[in-house]
Engineer: 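Right, I'll just put the structure down here and ask away after.
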Amino acid sequence: MELSYEALEWRTPLPEQDQVLDLPPPPPFFGQERAKAALELAVQGGFHAYLVGPAGLGKHEALLAYLSSQRVETPPDLLYVPLSERKVAVLTLPSGQEIELAEAVDGLLLEVGHLDELFRQASFLREKSRLEAQFAEQQGAQLALLRQEAQAAGFALLANGERLELSGPGPVPADLSARLEEVSLGRLAARAALEVALRRLRREWALHYLNARLEPLLQRFPQARGYLEALKNRLARYAETGEALDPAQWRPNLLTSSSSGAPPPIVYEPYATAPRLFGRLDYVVEQGVWSTNVSLIRPGAVHRAQGGYLILDALSLKREGTWEAFKRALRNGQVEPVTEPQAPAGLEVEPFPIQMQVMLVGTAEAFEGLEDDPAFGEIFRIRVEFSPTLAATQENMTALGGWLQAQGFRLTRGGLVRLYDEARRMAEQKNRMDARLVELRALAEEAAVLGGGLLTAEAVDKAVAAREARSFLSEEEFLRAVQEGVWSLKTQGTGVGEVNSLVVVEAPPYWGRPARLTARAAPGHDHLISIDREAGLGGQIFHKAVLTLAGYLRSRYADAGPLPATISLAFEQSYVSIDGDSAGLAELVAALSAIGKFPLRQDLAVTGAVDQTGKVLAVGAINAKVEGFFRVCQALGMTGTQGVVLPRANLPNLTLRAEVLEAVRKGQFHIYAVETVEEALELLSGSRVEGYRGLHSRIRAALDEFARLEEGRSEKEGG
């Protein structure tokens, strides 16, 4: 069946195309109702979810917009606080209190200077003097007693600073020497006792002072009692011993903070390395000595997303090798910061409790391997799957326009219609549009530049043409080679066992091209040989298509036994791997032409898969294939008879460029849709398939002759 221009015209009319639009922004996930329903369930149920769909759909943007609209209870503030120089705990405070606590702690740390002043006050100095006087009195009594004992023995007691000596005639008696040692040791012990008493005094005064400062804070921050008590004791230790205090070691380290009524935190981490996910503990190295403290704990995405949502790329989790660690963290509900492998034992950090929802985003390929892990399904219960296409409706076209306007574009009705039509062409479906909003936005950006800031129909057409022109170099070289005869292609005349098959270049850009397919037949024993496969250039699907042809030939022409023929098939001048089944129809008609020795039209190109019953099946990239042959016909000269034979099942996919449609309208190019091999044979051969001297009878006659020749050869070899 030849398709008319009216049957092929697919573009949307352009009434009032210059009207500048003012459209409302669409809801998130417009056209993706299935994905939206799944995501709503995940959010309402507090489940981890994973979003699956092709790249370019704008999944991240839509997810961020949707989650930003959620209203949940304001999450608490979370801090790391020191309980000692070596131990760190997690502290949870009501929202907004973290700044108050930090200011209060800074105030306590300033008490270091006040403590120094405290010990210069008269009341403290009097108490200190009293202790020192008691020491002096005790020491004086001991010295007086020892001096009397020394004088009785004829010796004098001399005090040289802290050192005591006996001076007199002759050696010091043993009992007097023992008394001297006893008194000297007693003086040392007493001095030590005095130091302990003075330290205790300083501590008691410091605690008395600090308790008065601390009590209001304990009432304001009861959750921080352990931390504040630890800080008080550290300040008291400074007062007692004078041991230097580093304020950085004792300030709270804020991990998350939120204000009342604010939306939940939404954290997108594109690089899922362990430190960026779980945080890290940094170290300072000075003269080869490693040191760290609570202020050097760096929060990760898990900390920042607390009480909200964490968005991760599935591919990044796999690439960075962090899936196993992340899985353990989610299953255990806690995480610890990453430390340097070569670092010495540092802080003892309390594990951080995880309270958030995780949204993994990626293509179906990114989740391969992850979904095979049984734990993945346990953790990520909700699969949010995005369709690669949307229904081509007025509603979705309007939503596309509103989405673009929300992105800052100004567009006319004509510009929106042209973008909408291009989305349908990208989807290769008349009643569907491509859902890759990021790709459509990129096209809109280029059109806006060409349109001076306004998206018009003309600007979009220019942007589309400019895109194709930028990637046309390889096709231009191919067409030049066709014109020069380097590529052996015919678009006129006929040929036995030859046909123009349509293929798509597998490396980008993906241009459609004709490929000369030849077939040769001879007597043999049920052999169908693909030269491309024998040369290692055929893929598995291609091989399946070849075997399907053999099934058709046997069922149609060799009911009583094996096919008495050897048939070889080859894509001429093909030097790259071939896969897919879209050449099945071309291979079959070429094989039948080679058997029956009837010519095929070379001004028609063929595409389509076939099954074993002879039904022609739909193929992909139909527009690229049709337009590829059209360009070759233009390069070699249009005759008015050229065209393409394609599956009727592909009619919903035909969204051809304007120049091809115009050539059809003028009768310069033709599109034929077929449902069976027989329809294609009649178009390509110009002969009937059934009836007297029909193609089937000619093929059967040729196969009978092959059988006789093969039998004669066998008898001769046997004789």
Side-chain angles (χ1 to χ4, degrees), residues 29 32 34-35 38-39 41-43 45-67 265-281 298-306 308-341 351-388 435-439 506-508 539-540:
F29 303 109
Q32 300 279 6
R34 178 187 293 103
L39 184 61
L41 174 61
V43 171
F47 306 127
H48 301 312
Y50 64 110
L51 286 67
V52 186
L57 295 180
K59 299 185 292 295
H60 288 93
E61 292 182 24
L63 178 61
L64 288 169
Y66 176 79
L67 295 179
I266 303 170
V267 177
Y268 169 49
E269 179 50 70
Y271 306 109
T273 63
R276 293 178 74 95
L277 280 179
F278 310 133
R280 68 182 191 274
L281 176 60
R298 311 304 184 195
V302 170
H303 303 93
R304 298 194 305 274
Q306 196 72 353
Y309 307 98
L310 174 60
I311 303 172
L312 299 175
D313 285 321
L315 185 60
S316 181
L317 268 181
K318 292 170 62 176
R319 183 175 56 241
E320 303 297 341
T322 48
W323 162 242
E324 289 296 330
F326 190 62
K327 176 179 67 175
R328 287 194 300 272
L330 291 180
R331 297 184 79 171
N332 297 334
Q334 59 186 27
V335 67
E336 296 182 27
V338 177
T339 58
E340 294 287 343
F352 185 83
I354 295 177
Q355 295 175 353
M356 64 182 175
Q357 281 183 260
V358 180
M359 303 289 174
L360 281 186
V361 183
T363 63
E365 294 77 15
F367 287 100
E368 291 179 358
L370 293 180
E371 290 180 304
D372 295 335
D373 187 339
F376 183 84
E378 296 174 8
I379 298 171
F380 293 92
R381 295 174 54 183
I382 305 298
R383 178 185 174 97
V384 182
E385 188 160 16
F386 288 76
S387 171
R436 294 177 298 166
L437 299 179
V438 175
E439 293 291 329
E506 294 191 358
Q540 292 182 345

Engineer: Are any non-hydrogen side-chain atoms of Phe386 and Val52 less than 4.5 angstrom apart?
Structural biologist: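 A side-chain contact is absent here, since even the closest heavy-atom pair is not under 4.5 Å.
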
Engineer: Nearest heavy-atom pair of His48 and Leu330: which atoms, and what distance?
Structural biologist: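 Closest heavy-atom pair between His48 and Leu330: NE2-CD2, 4.1 Å.
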
Engineer: Under the side-chain contact (heavy atoms from CB on, under 4.5 Å) criterion, do Leu277 and Phe326 qualify, and how do the steps go?
Structural biologist: CA-CA 8 Å; Leu277 280 179; Phe326 190 62; 4.1 Å; yes

Engineer: Nearest heavy-atom pair of Ala375 and Arg331: which atoms, and what distance?
Structural biologist: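 What the structure gives for the nearest pair is CB-NH1, 3.5 Å.
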
Engineer: Evaluate the ring planes of Trp323 and Phe380, with Trp represented by its six-membered ring, and classify them as parallel (under 30°), tilted (30 to 60°) or perpendicular (over 60°).
Structural biologist: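 Rings of Trp323 and Phe380: tilted, as their planes differ by 30° to 60°.
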
Engineer: Can you see which heavy atom on Gly362 is nearest to which on Lys59, and at what distance?
Structural biologist: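 So the minimum-distance heavy-atom pair works out to O-CE, 3.9 Å.
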
Engineer: If you take all heavy atoms of Leu310 and Ala301, which pair is closest and at what distance?
Structural biologist: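 So the minimum-distance heavy-atom pair works out to CD1-CB, 3.6 Å.
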
Engineer: I'd like to check Glu336 versus Pro351 (side-chain heavy atoms, cut-off strictly below 4.5 Å). Are they in contact?
Structural biologist: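 Glu336 vs Pro351: side chains touch.
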
Engineer: Once rounded to the nearest 0.5 Å, what's the spacing between atom CG of Leu315 and atom CD of Glu368?
Structural biologist: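 Here the interatomic distance stands at 11.0 Å.
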
Engineer: With side chains defined as the heavy atoms from C-beta onward, is the minimum distance between Phe376 and Leu360 less than 4.5 Å?
Structural biologist: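 Side-chain contact under 4.5 Å: yes.
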
Engineer: If you look at every heavy atom in Ile354 and Gln306, which pair is closest and at what distance?
Structural biologist: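 Looking at all heavy atoms of both residues, the closest pair is C-NE2, 3.8 Å.
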
Engineer: Hydrogens and angles aside, do Thr363 and Glu365 bring a side-chain donor and acceptor to less than 3.5 Å of each other?
Structural biologist: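 Side-chain D/A pair, Thr363 to Glu365: present.
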
Engineer: Could you check whether Glu320 pairs with Arg276 (Lys NZ or Arg NE/NH1/NH2 to Asp/Glu carboxylate O, under 4.0 Å)?
Structural biologist: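 No, Glu320 and Arg276 are not salt-bridged.
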
Engineer: Could you walk me through whether Leu312 and Tyr271 pass the side-chain contact (heavy atoms from CB on, under 4.5 Å) check?
Structural biologist: CA-CA 8 Å; Leu312 299 175; Tyr271 306 109; over 6 Å; no

Engineer: So does Arg383 pair up with Glu371, basic N to acidic O under 4.0 Å?
Structural biologist: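 A salt bridge links Arg383 with Glu371.
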
Engineer: Which heavy-atom pair separates Ala272 from Thr322 by the least distance, and what is that distance?
Structural biologist: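 Closest approach of Ala272 to Thr322: O-OG1, 2.7 Å.
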
Engineer: When rounded to the nearest 0.5 angstrom, what distance separates CG in Leu39 from CD1 in Ile382?
Structural biologist: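 If we round to the nearest 0.5 Å, Leu39:CG and Ile382:CD1 are 9.5 Å apart.
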
Engineer: If you round to the nearest 0.5 Å, how far is OG1 of Thr273 from CZ of Arg280?
Structural biologist: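 Interatomic distance, Arg280 CZ to Thr273 OG1, rounded to 0.5 Å: 9.0 Å.
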
Engineer: Just verifying a value: how many Å separate Leu67 CG and Ile311 CD1, rounded to the nearest 0.5 Å?
Structural biologist: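 One finds 5.5 Å between CG of Leu67 and CD1 of Ile311.
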
Engineer: Okay, side chain of Glu385, backbone of Leu51: is any donor-acceptor separation there less than 3.5 Å?
Structural biologist: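 Flag not set: sc Glu385 to bb Leu51 has no pair under 3.5 Å.
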
Engineer: Do the side-chain N and O atoms of Asp313 and Tyr268 include a donor-acceptor pair separated by under 3.5 angstrom?
Structural biologist: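 Yes, side-chain donor-acceptor contact under 3.5 Å.
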
Engineer: Do Arg381's NZ or CZ and the ring of Phe47 fall within the cation-pi criteria of under 6.0 Å and 45°?
Structural biologist: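 Pair Arg381/Phe47 counts as cation-pi.
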
Engineer: Could you measure the distance from the CD atom of Glu269 to the CG atom of Leu317? Nearest 0.5 Å is fine.
Structural biologist: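 Result: 10.0 Å between the selected atoms.
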
Engineer: Take Phe352 and His303, measure what side-chain contact (heavy atoms from CB on, under 4.5 Å) needs, and give me the verdict at the end.
Structural biologist: CA-CA 8 Å; Phe352 185 83; His303 303 93; 3.5 Å; yes

Engineer: Report the distance from atom CG of Leu57 to atom CZ of Phe29, rounding to the nearest 0.5 Å.
Structural biologist: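 Interatomic distance, Leu57 CG to Phe29 CZ, rounded to 0.5 Å: 10.5 Å.
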
Engineer: Is there a side-chain contact (heavy atoms from CB on, under 4.5 Å) between Tyr309 and Leu63? Walk through the geometry before answering.
Structural biologist: CA-CA 10 Å; Tyr309 307 98; Leu63 178 61; over 6 Å; no

